Amino acid sequence: MYLVKQLVGGVLDVVSNIDPGQFTPSHPPPVRRPLVQGQAQQNESEEDRQFRKVFQQLAGDDMEVSANELMNILNKILTKHHDLKTDGFSIESCRSMVAVMDSDSSGKLGFQEFKYLWNNIKKWQGIYKAYDADRSGTIGADELPAAFRAAGFPLSDQIFQMIIRRYSDESGNMDFDNYIGCLVRLDAMCRAFKTLDKDNTGSVKINIKEWLQLTMYS
């Protein structure tokens, strides 16, 4: 128990000096609603209708994207981008992405959830390529702070060191799939924090059930 308290205390010391107001996670996807295949919402834009057609082709009859389907979709796209160094998205990283985006705990992504993730990946891909200054296909430890700030997450040096240990290789370089996996989780955790921090005090109080829901299904 003493070791657990030390670990939690150490993490809290690292994040206690961070101002959550500086973070700009993307707006959450709209509340998920049942969808009949082929039926688009009347207030959808032409862009949304076109995206829904693509989603129907990707998702199949159930109109939902599982972790396996997400992995196949992302890795198929990666084959067209030889300038991005990556080992490919693993099933574990895709399970994690589905979990943090899964607003109704169905285990799959519906249309709005998938669209939200898709748009973020496109935006973050542009940032990744822009901040890969040496065109190595990876982002080095010295390039990461600016890349994360551009994505809306100005982090402390201590947090960056934790991220590098978790998501980068032994040389401190982060490839594309780890960069996306890290940002998806970071974006989701910041959105969760802002939801819990109703008074914008920069601190939250959660019970053990809420803590386990945040940490175990992610």
Side-chain angles (χ1 to χ4, degrees), residues 4 7-8 11-12 15 20 23-41 43-44 48 51-77 88-124 151-153 162-163 166-167 177-200 203-218:
V4 172
L7 175 61
V8 174
V11 172
L12 290 179
V15 302
F23 298 149
T24 54
S26 303
H27 294 295
V31 177
R32 188 171 174 180
R33 297 181 176 87
L35 177 69
V36 177
Q37 186 170 353
Q39 178 184 1
Q41 302 296 327
N43 59 349
E44 280 185 342
D48 281 343
F51 191 88
R52 190 180 292 278
K53 291 179 181 178
V54 174
F55 178 75
Q56 288 172 344
Q57 294 173 356
L58 297 173
D61 293 339
D62 64 353
M63 289 298 291
E64 293 182 312
V65 171
S66 67
N68 275 301
E69 289 170 327
L70 179 62
M71 180 180 68
N72 292 334
I73 292 167
L74 294 179
N75 285 334
K76 186 174 182 179
I77 292 171
F89 287 89
S90 68
I91 185 59
E92 189 55 41
S93 66
C94 289
R95 282 174 181 159
S96 180
M97 283 192 278
V98 168
V100 297
M101 291 299 309
D102 181 15
S103 58
D104 61 354
S105 300
S106 67
K108 296 182 178 182
L109 300 182
F111 172 70
Q112 295 292 351
E113 295 164 332
F114 181 79
K115 181 185 174 189
Y116 176 90
L117 175 62
W118 186 269
N119 286 338
N120 272 346
I121 289 176
K122 286 199 302 181
K123 176 179 69 177
W124 294 333
F153 303 102
M162 293 171 64
I163 285 176
R166 170 63 178 83
Y167 292 95
D177 55 289
N178 278 298
Y179 173 77
I180 293 298
C182 178
L183 278 177
V184 168
R185 179 182 289 265
L186 185 58
D187 180 74
M189 293 299 101
C190 287
R191 282 189 287 111
F193 185 92
K194 286 179 177 288
T195 299
L196 293 169
D197 184 19
K198 295 180 173 60
D199 298 324
N200 294 318
S203 62
V204 296
K205 183 177 181 180
I206 61 175
N207 59 39
I208 184 64
K209 180 182 177 181
E210 292 168 328
W211 171 256
L212 290 175
Q213 286 176 331
L214 278 173
T215 57
M216 296 306 295
Y217 187 52
S218 66

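These values consider heavy atoms only, across backbone and side chains, with no hydrogens, waters or symmetry-generated copies. These numbers come from a predicted model, not from an experiment. For reference, positions follow the sequence shown, starting with 1.
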Response to the item:
Nearest heavy-atom approach of Val100 to Met189 is CG1-CE, 4.5 Å
Worksheet item: When you check the side-chain N and O atoms of Ser66 and Asn68, is any donor under 3.5 Å from an acceptor?
Response: no
Worksheet entry | Sidechain-backbone polar pair: Asn75 side chain, Phe89 backbone, donor-acceptor under 3.5 Å | yes
Item to complete: Begin with the C-alpha distance, continue with both residues' side-chain angles, and end with the deciding distance and a verdict on side-chain contact (heavy atoms from CB on, under 4.5 Å) for Glu69 and Phe114.
Response: CA-CA 11 Å; Glu69 289 170 327; Phe114 181 79; over 6 Å; no
Item to complete: Calculate, to the nearest 0.5 Å, the distance between atoms OG and CG belonging to Ser90 and Asp177 respectively.
Response: 7.0 Å
Practice prompt. For residues Val65 and Ala59, report the shortest heavy-atom separation together with the two atoms involved.
Written response: CG2-CB, 4.0 Å
Worksheet item: With side chains defined as the heavy atoms from C-beta onward, is the minimum distance between Asp104 and Asp102 less than 4.5 Å?
Response: yes
Item to complete: Check step by step if side-chain contact (heavy atoms from CB on, under 4.5 Å) holds for Met97 and Leu109.
Response: CA-CA 10 Å; Met97 283 192 278; Leu109 300 182; over 6 Å; no
Practice prompt. State, to 0.1 Å, how close Cys94 and Leu74 come at their nearest heavy-atom pair, and which atoms those are.
Written response: SG-CD1, 4.4 Å
Fill in: side-chain contact (heavy atoms from CB on, under 4.5 Å) assessment of Val184 paired with Asn120
CA-CA 8 Å; Val184 168; Asn120 272 346; over 6 Å; no
Worksheet entry | Separation between CD1 of Ile73 and CG of Leu117, rounded to the nearest 0.5 Å | 9.5 Å
Worksheet item: Would you call the rings of Phe111 and Phe55 parallel, tilted or perpendicular, where under 30° means parallel and over 60° means perpendicular?
Response: perpendicular
Worksheet entry | Mutual orientation of the aromatic rings belonging to Phe51 and Trp118 [parallel < 30°, tilted 30-60°, perpendicular > 60°] | perpendicular
Worksheet item: From Asp197 CG over to Lys205 NZ, what is the distance, rounded to the nearest 0.5 angstrom?
Response: 14.5 Å
Worksheet item: Between Glu210 (side chain) and Asn207 (backbone), is there a donor-acceptor pair under 3.5 Å?
Response: yes
Worksheet item: Atom CH2 of Trp124 and atom CG of Leu183: how far apart are they, to the nearest 0.5 Å?
Response: 5.0 Å
Worksheet entry | side-chain contact (heavy atoms from CB on, under 4.5 Å) between Cys182 and Ile163, worked out | CA-CA 8 Å; Cys182 178; Ile163 285 176; 3.8 Å; yes
Worksheet item: Atom CE of Met101 and atom CD of Gln112: how far apart are they, to the nearest 0.5 Å?
Response: 10.5 Å
Worksheet item: Rounded to the nearest 0.5 Å, how far apart are CD1 of Ile121 and CG of Leu70?
Response: 6.5 Å
Discussion item. Less than 4.0 angstrom from a charged side-chain N to a carboxylate O is my criterion; do Arg191 and Asp187 meet it?
Written reply: yes
